[in-house]
Amino acid sequence: MAKPKSRNNKKKKSAHDNVQDGPAQCRLYLITPPSIADLDDFARTLAETLEAGDVAALQIRLKDVEDDVIRAVTTRLLPIAQDRGVAVLMNDRPDLAQELGCDGVHVGQEDTPYDEARALVGPDAIVGITCHDSRHLGMVAAEQGADYVAFGAFFPTTTKEAPTQADVELLTWWQEMMTTPCVAIGGITPDNAEPLIAAGADFLAVSSGVWAHPQGPAEAVRQFSALIDKYL
């Protein structure tokens, strides 16, 4: 796989390097819409979107659906992403991540604890943790061994209810103090992303900012890529 950005030059090597060691460069981290009405259509859109620019990871995040729906979506989308060097992460469910062959899992503060998630997905898989706007939670996650920490929300978001509002200075502080990669999340679009890149976000986690872009998802990725290229 192509390596992503990370300022972490001390972490262990993994079979899935997309959130581990790599050159100093911010990268995109896409999150699926919370529901997918037409899987065939979305699969075609995803392929076009991933080919429009550099994407490090795709998180499967579906809400209020049966496990079999998650299985069907993941089985369809996983090879599209992995064939293009994009790591596939499962939201909240390390058991399904392991079952379906995902590259890792993302867990929230109220989801599966880190140690349990790690035991389920294995030592070489990616485990990322939501840390809201908390330096303390971020440091705890890093000390536990998380492959990345996610801070947010940085902007208002309609994708999910955000319990906290994070300040861009948190990203700068994190990069000065810690080596574990950080993900910025929450209402990010091509129009507001530049301060997050400049502050030191290793990854920009984006959902509606790509899938609901007025000029289409592929164009959104091209615009994000152009912004990121300014900081290479």
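Given the structure is predicted, the values throughout are model-derived calculations rather than measurements.
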### Task
Only counting residues at least two apart or in another chain, list the ones meeting ring pair (Phe, Tyr, Trp, His ring centres under 6.0 Å) with Phe42.
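Testing Phe42 for ring pair (Phe, Tyr, Trp, His ring centres under 6.0 Å), a comparison that skips the adjacent residues, returns Trp211.
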query = Backbone N or O of Gly209 within a donor-acceptor pair of the Thr189 side chain at under 3.5 Å?
reply =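 Answer holds: no.
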Tell me every residue that passes side-chain contact (heavy atoms from CB on, under 4.5 Å) with Met139, counting only those two or more places apart in sequence or in another chain.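 Result, side-chain contact (heavy atoms from CB on, under 4.5 Å) vs Met139: Trp173, Trp174, Met178.
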Inset, instruction - Could you tell me which residues satisfy ring pair (Phe, Tyr, Trp, His ring centres under 6.0 Å) with Phe224, sequence neighbours excluded, listed by chain and number? - result: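 If we apply the ring pair (Phe, Tyr, Trp, His ring centres under 6.0 Å) test to Phe224, skipping adjacent residues, there are no hits.
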Q. For Leu78, what residues pass the side-chain contact (heavy atoms from CB on, under 4.5 Å) criterion, not counting sequence neighbours?
A.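 By the side-chain contact (heavy atoms from CB on, under 4.5 Å) rule, Leu78 matches Thr74, Gln82, Val88, Cys102.
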By side-chain hydrogen bond (donor to acceptor under 3.5 Å, both in side chains) - contacts of Arg76 (at least two apart):
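With sequence neighbours excluded, Arg76 shows a side-chain hydrogen bond (donor to acceptor under 3.5 Å, both in side chains) to Asp40, given in chain and number order.
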Set of residues satisfying side-chain hydrogen bond (donor to acceptor under 3.5 Å, both in side chains) with respect to Asp83, sequence neighbours excluded: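 By the side-chain hydrogen bond (donor to acceptor under 3.5 Å, both in side chains) rule, Asp83 matches no residue at all.
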> Got a second to check how far Leu50's CG is from Leu58's CG, nearest 0.5 Å?
Replying inline: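 Between Leu50 CG and Leu58 CG, I get 6.5 Å after rounding to 0.5 Å.
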Suppose we screen for salt bridge (charged side-chain N to carboxylate O under 4.0 Å, His left out). Which residues come up paired with Asp67, at least two apart in sequence or across chains?
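With neighbours one apart ignored, the set is Arg93.
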Not counting sequence neighbours, which residues clear salt bridge (charged side-chain N to carboxylate O under 4.0 Å, His left out) with Asp41? List them please.
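For Asp41, the residues satisfying salt bridge (charged side-chain N to carboxylate O under 4.0 Å, His left out) (neighbours in sequence not counted) are Arg44.
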Mind checking what makes salt bridge (charged side-chain N to carboxylate O under 4.0 Å, His left out) contact with Asp111, not counting sequence neighbours?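 If we apply the salt bridge (charged side-chain N to carboxylate O under 4.0 Å, His left out) test to Asp111, skipping adjacent residues, there are no hits.
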task = Return the set of residues passing side-chain hydrogen bond (donor to acceptor under 3.5 Å, both in side chains) with Glu219 (not counting sequence neighbours), or none when no residue passes.
result =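 Partners of Glu219 by the side-chain hydrogen bond (donor to acceptor under 3.5 Å, both in side chains) criterion, ordered by chain and then number, come out as Arg222, Gln223.
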Just verifying a value: how many Å separate Ile60 CD1 and Ile36 CD1, rounded to the nearest 0.5 Å?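 Going from the CD1 atom of Ile60 to the CD1 atom of Ile36 covers 6.5 Å.
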Reported CG-to-CG distance for the pair Leu196 and Asp202, which is rounded to 0.5 angstrom
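Going from CG on Leu196 over to CG on Asp202, the span is 12.0 Å.
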Asp64 atom CG: more than 12 heavy-atom contacts under 6.0 Å:
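At most 12 heavy atoms, drawn from other residues, nucleotides or ligands, come within 6.0 Å of this atom.
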Item to check | Distance in Å, Ser134 OG paired with Phe151 CZ, rounded so as to fall on 0.5 Å steps | outcome: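 With rounding to 0.5 Å, OG (Ser134) is 7.5 Å from CZ (Phe151).
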What's the separation between atom CZ in Arg118 and atom CD1 in Ile126, rounded to the nearest 0.5 Å?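 Spacing of CZ (Arg118) from CD1 (Ile126) equals 9.0 Å.
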Contacts of Asp68 that satisfy side-chain hydrogen bond (donor to acceptor under 3.5 Å, both in side chains) - sequence neighbours left out: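 Asp68: side-chain hydrogen bond (donor to acceptor under 3.5 Å, both in side chains) contacts with Arg71.
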Using salt bridge (charged side-chain N to carboxylate O under 4.0 Å, His left out) as the criterion, list what pairs up with Glu51, not counting sequence neighbours.
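Listed in chain order: Arg84.
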Closest heavy-atom contact between Val206 and Ile188?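 It is CG1-O, 3.6 Å.
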